[in-house]
Visitor: 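Take a look at the following structure, please.
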Protein chains: 2
Amino acid sequence: MTSAFALSDHDSAQLPLATELIAVIVASSGGAARILTIGGGDRLPSGPLESRHRSLQSGLRAWVEAQTRHQLGYMEQLYTFADPDRTGSAPNVRVISVSYLGLTRESQKASFSDAGWRDWYRYFPWEDHRAGAPPLIAAAIAPRLSAWAHGATTAALRRERRQRADITFGLNGHRWNEELALHRYELMFEAGLVEEAHRAGADLRERAGLFGRPMVHDHRRILATGIARLRAKIKYRPVVFELMPDEFTLFQLQQTVESLSGRLLHKQNFRRFIEQQQLVEETGDIATETGGRPAKLFRFRREVRIERAIGGTKLPTPRS
Amino acid sequence: MTSAFALSDHDSAQLPLATELIAVIVASSGGAARILTIGGGDRLPSGPLESRHRSLQSGLRAWVEAQTRHQLGYMEQLYTFADPDRTGSAPNVRVISVSYLGLTRESQKASFSDAGWRDWYRYFPWEDHRAGAPPLIAAAIAPRLSAWAHGATTAALRRERRQRADITFGLNGHRWNEELALHRYELMFEAGLVEEAHRAGADLRERAGLFGRPMVHDHRRILATGIARLRAKIKYRPVVFELMPDEFTLFQLQQTVESLSGRLLHKQNFRRFIEQQQLVEETGDIATETGGRPAKLFRFRREVRIERAIGGTKLPTPRS
DNA sequence: ACCCTTATGCTGAAACTGAGCATTTCAGTA
DNA sequence: TACTGAAATGCTCAGTTTCAGCATAAGGGT
């Protein structure tokens, strides 16, 4: 056992390092949650930390701007990976990947180079329950997970797999929980249903696209991490802020939340919830293009932002 | 545009990197929350990632074991830092610090070398509200924060500072929120109340110890991050598991939770909460050394662990 | 037997949730 | 101009959950 304090002296222990900053940038418009991608949609903006970057965050901002010409607002750290076999890069270098979640307004008119906004449900078709549970789950996912569970070697393992599938996908009496997006992706990966699981040379490759569009390396996993985090956070922190224009109707706000959480909300209860939070105030103006009775326009109250940024919140319940 | 990994070519951008893994290891015994420290209590176990480590987690486990002879159970990532001036180390090297939170049972009889368990409230005396708000807050913290807020240059800034102080420390009608441990430390830091704020050469150094025991570098900040995370998590995930012995009374469980959250709970409601969660089952045995009526002994139900590890939970409310 | 201490059981008011029904106010359209 | 469809808004109500106590049980010690 190497002694605890012999560290930096041991040249043998030295490890060639590289860093990678990866961004999950989310926006929502017209009832669709979108993410900022490059490479025609199969990778997230990313790049290494360089000496000119003052911090991880600023480095990431620089990369995103360089690759997409998009300026970022709110950001928070997601996760840091350093698995030896994580990326397809040089085998002797340890890559440390730090991922961030960013929320923004999809301002810049679309694309620079090969950057662009994509609906995030293209990558996770099983995550959108706004029109009820997607048929894909019952038709394709559930049976395959079942087969996978059945194929386990021990009874205990079979039971555990079945239980995980039931819980994460809301099968057999369990409720759908939208926050388990990452668990679901990991399960799909373990069960070999997503294309990424077969990268290291396998035969059973799934028909591309059936279980969502794949991404480079583990970018889709990182995206799932971001979705799960955002769906959880939105319930107790006023992060939707960052996604909304200056003025909006309550229904637009609701639709934004719905697009992120992937489920519909009871309209009246959503309003009650928002009002009781005192997050918004009327602007006095009225939106006329709603199709029915015109809706009042609201804006977020500046005053609350500090308090809310610290305090807490909760989200109301599903609507039929 | 440069791909994520093409960068190693740019020698100019190359950055000498080093890593640091830092552990916040928590245990609770006898109603006291403790953390595992080295250096006589002023630093957290830590060490660089080396080539023999298969992952960040396993590297950290190795370091903690080497430095403290303590074996770890549950761990989760806390945060990753890479500020250029973070540590006192060589100025031309960028250190990436990845911190983890670990929960354990304080098994190993105390110490190896200079390792040891310390009550975490020694580092954050203002965080323990089990016997009511510590007098320190009203006597020393509140007035100094007030002065600090008053010293701001603009009215808006003054207002913001005052508001932050009120919210985070539960002053002027605001409620104490134990989850804001990190916010509070950051506020104390900004206001120059903690010793660490004056490291870069200042004069106003506070009397050491009045505002908690300082630590090396930013270790105390990392500890605050861990406390805040644990206090939040304990409410919706059954993480106390990891801190309890195999058999325990409900009151011991409650005291463990109380030691972590720093506030007392209503006993009957805590029981109802635990029962309704169905996390525990009676062992059939009875603890006799309680001082009053003997208490039933409980253990955690194995069956629930998977579901709970995924699902959710909530914590009941304060007791007087 | 009496007292002190902690465990455990119960209860009632208040607050919160989930689901609807009812009314208001536009834009079109017969 | 009255009628209709589409939303926005307002209100109600029952079922749950939460908060805070009161009451009783069951040990040890004097």
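Note that the structure is a prediction, hence the values are computed from the model and not measured. Within every chain, numbering begins at 1; the chains are lettered A, B, ... in the order of the sequence lines, protein sequences first and strands thereafter.
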Visitor: Applying side-chain contact (heavy atoms from CB on, under 4.5 Å), run through B:F270 and B:V257 and close with a yes or a no.
Guide: CA-CA 10 Å; B:F270 179 79; B:V257 173; 4.2 Å; yes
Visitor: Could you tell me the separation between the CD atom of B:Q252 and the P atom of C:dT6, rounded to a whole number of Å?
Guide: 13 Å
Visitor: Could you tell me the separation between the CD1 atom of B:I274 and the P atom of C:dA7, rounded to a whole number of Å?
Guide: 14 Å
Visitor: Output yes when at least one side-chain N/O atom of B:K296 is less than 4.0 Å from OP1 or OP2 of C:dA7, else no.
Guide: no
Visitor: What integer distance in Å separates B:E275:CD from C:dG9:P?
Guide: 7 Å
Visitor: Applying salt bridge (charged side-chain N to carboxylate O under 4.0 Å, His left out), name anything that partners A:R130, two or more places apart in sequence or on another chain.
Guide: A:D128
Visitor: Could you state the CZ-C1' distance from B:F270 to D:dT18, rounded to the nearest angstrom?
Guide: 16 Å
Visitor: Among all residues two or more places apart in sequence or in another chain, which pass the side-chain hydrogen bond (donor to acceptor under 3.5 Å, both in side chains) test with A:S259?
Guide: A:S28
Visitor: Hey, which sits more toward the 5' end of DNA chain D by its nearest nucleotide, A:F298 or A:R272?
Guide: A:F298
Visitor: Hey, do the aromatic rings of A:F248 and A:F300 have their centres closer than 6.0 Å?
Guide: yes
Visitor: Is it true that B:E178 and B:R231 have a side-chain N and a carboxylate O under 4.0 angstrom from each other?
Guide: no
Visitor: Report yes if a side-chain nitrogen or oxygen of B:K267 is closer than 4.0 Å to either non-bridging phosphate oxygen (OP1 or OP2) of C:dA7; otherwise report no.
Guide: yes
Visitor: Would you indicate which nucleotide in C:dG9, C:dA19, D:dA8 comes nearest to any side-chain atom of A:H266?
Guide: C:dA19
Visitor: From B:I227 CD1 over to B:Y121 OH, what is the distance, rounded to the nearest 0.5 angstrom?
Guide: 7.0 Å
Visitor: Could you state the CG-P distance from B:N269 to C:dA15, rounded to the nearest angstrom?
Guide: 16 Å
Visitor: Take the protein atom CD of A:Q276 and the nucleotide atom C1' of D:dT9, then report the distance between them rounded to whole Å.
Guide: 17 Å
Visitor: Whole angstrom is fine here: how far is it from CZ in A:F251 over to P in C:dT25?
Guide: 20 Å
Visitor: Would you mind building the protein contact string for nucleotides 23-30 of chain D? One character per nucleotide, 5' to 3', B for base within reach (heavy atoms under 4.0 Å), S for sugar-phosphate only, - for untouched.
Guide: --BBB---
Visitor: Side-chain contact test, heavy atoms from C-beta onward, threshold under 4.5 Å: evaluate it for A:D246 versus A:T283 and give yes or no.
Guide: no
Visitor: Using whole Å, what does the distance between atom C1' of nucleotide D:dA8 and atom CG of A:L253 come to?
Guide: 15 Å
